[in-house]
Participant: 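Below is the structure I would like to discuss, written out as structure tokens.
In listed order, ligands and their atoms are each counted from 1.
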Amino acid sequence: MLLTIRTTHVPATDLGFLLGKHPDRFQTKSLAFGKAHVFYPEANEKACTAAMLLEINNIKLQKNKRQQFSASFKLADYVNDRAYAASSFLSNALAKVLGSALNGNCKERPDLVNQSIPLEVKLTAVPARGGLELIHRLFEPLGYEIEAQTTVLDSAFPAWGDSPYYNLCLRKTATLQSVLTHLYVLIPALDNKKHYYVSQAEIEKLLAKGEAWLKDHPEKNLITKRYLRYRNNYVRRALNQLLEEEEPSPKASASEDQLEQPLKLHDLRHETVITTLKELGVQSVIDLGCGSGKLLRHLIKEGQFTKIHGMDVSHQAIEVALDRLYLRDAGPLKKERIKLFHGSLTYCDQRTKGFDAAVLVEVIEHLDESRLDTLQQIVFGYAEPDHVIITTPNREYNVLFEGLPFGKFRHSDHRFEWTRTEMENWATAVAKQYDYHVKFEPIGPIDEQHGAPSQMAVFKKKK
Ligand code: SAH
């Protein structure tokens with residue numbers, strides 16, 4: 001089993017500091033299941049590759065084994081893929097041999113830890129039970145460029161088809177720590193086999209290694225199930241902890257409703273967005289952060305929209321929307337035109353690409369301001385629709401809402417609310433960065449001093 005990590009960051013030998021392993025030394029560490037060797041096939045200023053080779057000792061494994069694995073035949077404990085396949089043993093070795101890098105520690109050069117560097121990871125014989133499609137579903141949302149090759153199971157018997165083992169090459173510019181945490185969690189999830197006893201400690205490991213990314217991963221359920229080997233009570237607990245941290249309420253809070261209701265502001269936003277989409281001649285539209293599908297319900301009624309998709313980070317919201325749009329038992333034509341899926345605006349997701357327009361109605365203020373950079377990259381840099389429409393509250397107007405204490409936001413889950421200038425500064429910078437034109441429109445009754453209660457930015461990609 002071989003893992004290599006290559007960088008072309010200059011000086012590339014910084015990789016040695018990050019891994020806490022000197023490029024000039026060949027190092028071997030004994031582990032419970034065999035040995036791990038770390039060495040550098042290349043190490044110069046321009047390119048550096050670190051390799052970790054695992055030698056699994058099946059005999060030692062059997063002796064140490066406390067837990068009886070289900071062996072399908074007598075020699076199954078000895079005749080199996082453990083010696084060469086990249087499985088949970090690899091994660092274990094990452095923690096034992098490259099633990100400091102995995103946990104983001106670097107004594108000698110702490111400045112390197114948070115630096116994004118170009119990384120290329122190669123893994124041999126990755127058992128992906130779920131095939132190429134699964135590899136893409138797990139790694140693509142994290143922004144990896146993926147190359148995967150498989151081989152026939154046995155060249156003497158081509159009819160047996162391909163083996164489930166892939167040689168993987170993953171490329172991404174990121175911190176080394178983030179890449180190692182992805183491998184730590186996703187390799188055993190791909191393998192989907194039980195090589196160790198799953199105890200409660202595995203929940204903590206999963207949550208710790210997945211802390212920065214798992215809660216937003218569109219396949220978090222699948223990953224959690226596979227990582228915890230389908231132990232239902234553990235899976236439930238892990239997901240609850242993940243979701244508790246992240247999921248905002250799918251609909252406006254009672255307070256926001258009460259404040260805005262007299263103005264029918266939310267309806268007004270949706271009307272304005274639909275009028276704008278029609279004026280722009282849009283046919284396919286994706287509602288990002290669609291919540292319970294209120295805007296989608298209006299869009300469906302308009303024949304001009306031939307493809308209407310909605311995405312939300314909240315499972316609960318998607319479930320409600322499926323009901324409200326009567327999609328569960330819908331016919332094939334309706335199901336083709338209207339699709340809902342669970343996903344996050346902070347991850348690359350192929351399903352967000354290829355639309356004339358993307359709409360984010362009252363969504364951005366639900367994300368921490370520090371995550372807007374990522375959101376911009378995803379919406380404007382990755383999904384790249386011809387038009388983007390974003391609405392968000394105008395904070396200046398808040399003083400006119402009776403019953404909203406001074407300085408408070410309209411919704412407890414709002415992470416920020418912008419003035420008109422703040423919105424315009426942000427949107428203008430985004431438009432410049434990603435080559436869009438942008439214009440602004442107020443939504444709701446306009447107060448001379450404070451403007452309208454809501455504001456909209458309409459972006460159009462430059463041709
Ligand atoms: N656009 C809807 C809902 C607005 S409430 C409407 O007009 O009624 C904000 C929505 O954004 C919520 O449903 C919330 O789950 C969703 N959301 C928050 N963070 C998100 C993220 N990172 N990715 C996708 N959706 C997100």
Side-chain angles (χ1 to χ4, degrees), residues 141-143 212-220 242-257 259-261 263-274 276-277 285-300 308-325 339-349 351-352 357-380 382-383 388-393 409-417 443-444 453-457:
L142 297 165
W213 55 274
L214 186 57
K215 58 180 181 287
D216 288 328
H217 196 296
E219 298 293 353
K220 62 174 165 252
L242 276 176
L243 298 179
E244 244 169 48
E245 285 164 21
E246 186 67 0
E247 282 199 1
S249 148
K251 58 180 175 52
S253 69
S255 63
E256 191 178 27
D257 262 350
L259 291 172
E260 296 186 351
Q261 185 54 32
L263 303 174
K264 294 212 180 304
L265 192 56
H266 207 46
D267 294 339
L268 208 53
R269 286 187 187 109
H270 291 155
E271 275 169 35
T272 314
V273 167
I274 290 174
T276 311
L277 287 171
V285 55
I286 182 157
D287 188 1
L288 299 169
C290 62
S292 52
K294 217 168 172 190
L295 177 69
L296 298 171
R297 287 212 300 285
H298 294 297
L299 288 170
I300 287 176
I308 306 163
H309 292 190
M311 178 187 97
D312 202 285
V313 78
S314 158
H315 278 285
Q316 197 195 337
I318 293 288
E319 290 302 311
V320 175
L322 281 169
D323 284 332
R324 297 209 175 148
L325 295 162
K339 284 195 180 137
L340 297 182
F341 62 91
H342 174 244
S344 173
L345 277 159
T346 46
Y347 280 84
C348 301
D349 188 326
R351 294 169 296 182
T352 58
V359 174
L360 292 88
V361 179
E362 306 293 296
V363 174
I364 55 170
E365 66 276 9
H366 288 267
L367 276 85
D368 287 334
E369 255 184 302
S370 60
R371 296 177 102 175
L372 288 184
D373 265 352
T374 311
L375 176 137
Q376 288 155 222
Q377 280 169 27
I378 302 294
V379 176
F380 295 88
Y382 177 78
V388 180
I389 301 182
I390 297 181
T391 79
T392 194
F409 294 149
R410 297 178 201 178
H411 188 302
S412 58
D413 188 59
H414 285 181
R415 313 295 163 92
F416 62 87
E417 284 179 0
I443 301 178
S454 203
Q455 46 185 339
M456 175 170 82

Participant: Quick one: are Met456 and Thr276 in side-chain contact, heavy atoms under 4.5 Å?
Facilitator: yes
Participant: With atoms numbered from 1 as shown, which atoms in ligand 1 lie under 4.0 angstrom from a non-hydrogen atom of Cys290?
Facilitator: 2 (C)
Participant: Would you mind finding which of Ile364, Thr391, Val313, Asp216 brings a heavy atom closest to atom 26 (C) of ligand 1?
Facilitator: Val313
Participant: How does Arg269 reach ligand 1, by side chain, by backbone, by both or by neither, if only non-hydrogen atoms under 4.0 Å count?
Facilitator: neither
Participant: Using a 4.0 Å cut-off to any heavy atom of Val361, which atoms of ligand 1 qualify?
Facilitator: 1 (N), 2 (C), 4 (C), 7 (O)
Participant: Mind checking whether Lys294 has an N or O less than 3.5 Å away from an N or O of ligand 1?
Facilitator: no
Participant: Are any of the side-chain heavy atoms of His266 and Val361 separated by less than 4.5 Å?
Facilitator: yes
Participant: Counting both backbone and side chain atoms, is some N or O of Gly289 under 3.5 Å from an N or O of ligand 1?
Facilitator: yes
Participant: Which atoms from ligand 1 have a heavy atom of Leu345 less than 4.0 Å away?
Facilitator: 21 (C), 22 (N), 23 (N), 24 (C)
Participant: Sequence neighbours excluded, which residues qualify as side-chain hydrogen bond (donor to acceptor under 3.5 Å, both in side chains) partners of Thr346?
Facilitator: Asp216, Ser344
Participant: Which bit of Ser292 is near ligand 1, meaning a heavy atom under 4.0 Å away: side chain, backbone, both or neither?
Facilitator: neither
Participant: Do His270 and Lys294 touch side chain to side chain, with heavy atoms closer than 4.5 Å?
Facilitator: yes
Participant: Looking only at distance, does Ser344 have an N or O less than 3.5 Å from an N or O of ligand 1?
Facilitator: yes
Participant: Check whether any side-chain heavy atom of Tyr347 lies under 4.5 Å from a side-chain heavy atom of Leu142, and answer yes or no.
Facilitator: yes
Participant: If we only count N/O pairs under 3.5 Å, is Leu367 in contact with ligand 1?
Facilitator: no
Participant: Quick one: does Cys290's side chain get under 4.5 Å of Ile318's, heavy atoms only?
Facilitator: yes
Participant: Specify the closest pair of heavy atoms between Met311 and His342, including all atoms of both residues, with the distance to one decimal.
Facilitator: CG-C, 4.4 Å
Participant: On a heavy-atom basis, I'd like to know which of Arg415, Lys215, Glu362, His270 is closest to atom 7 (O) of ligand 1.
Facilitator: His270
Participant: Decide yes or no for Leu288 and Val363: does some side-chain heavy atom of the first lie under 4.5 Å from some side-chain heavy atom of the second?
Facilitator: no
Participant: What pair of heavy atoms forms the shortest contact from Gly291 to Ala321, and how long is it?
Facilitator: O-CB, 3.9 Å
Participant: Ala317 to ligand 1: N or O pair under 3.5 Å?
Facilitator: no
Participant: The criterion is salt bridge (charged side-chain N to carboxylate O under 4.0 Å, His left out); which residues satisfy it with Glu362, sequence neighbours excluded?
Facilitator: Arg269
Participant: Tell me, please: is Arg371 in heavy-atom contact with ligand 1, that is, under 4.0 Å?
Facilitator: no
Participant: Between Asp287 and ligand 1, does any nitrogen or oxygen pair lie at a separation below 3.5 Å?
Facilitator: no
Participant: Would you mind listing which atoms of ligand 1 come within a distance below 4.0 Å of any non-hydrogen atom of Ser314?
Facilitator: 15 (O)
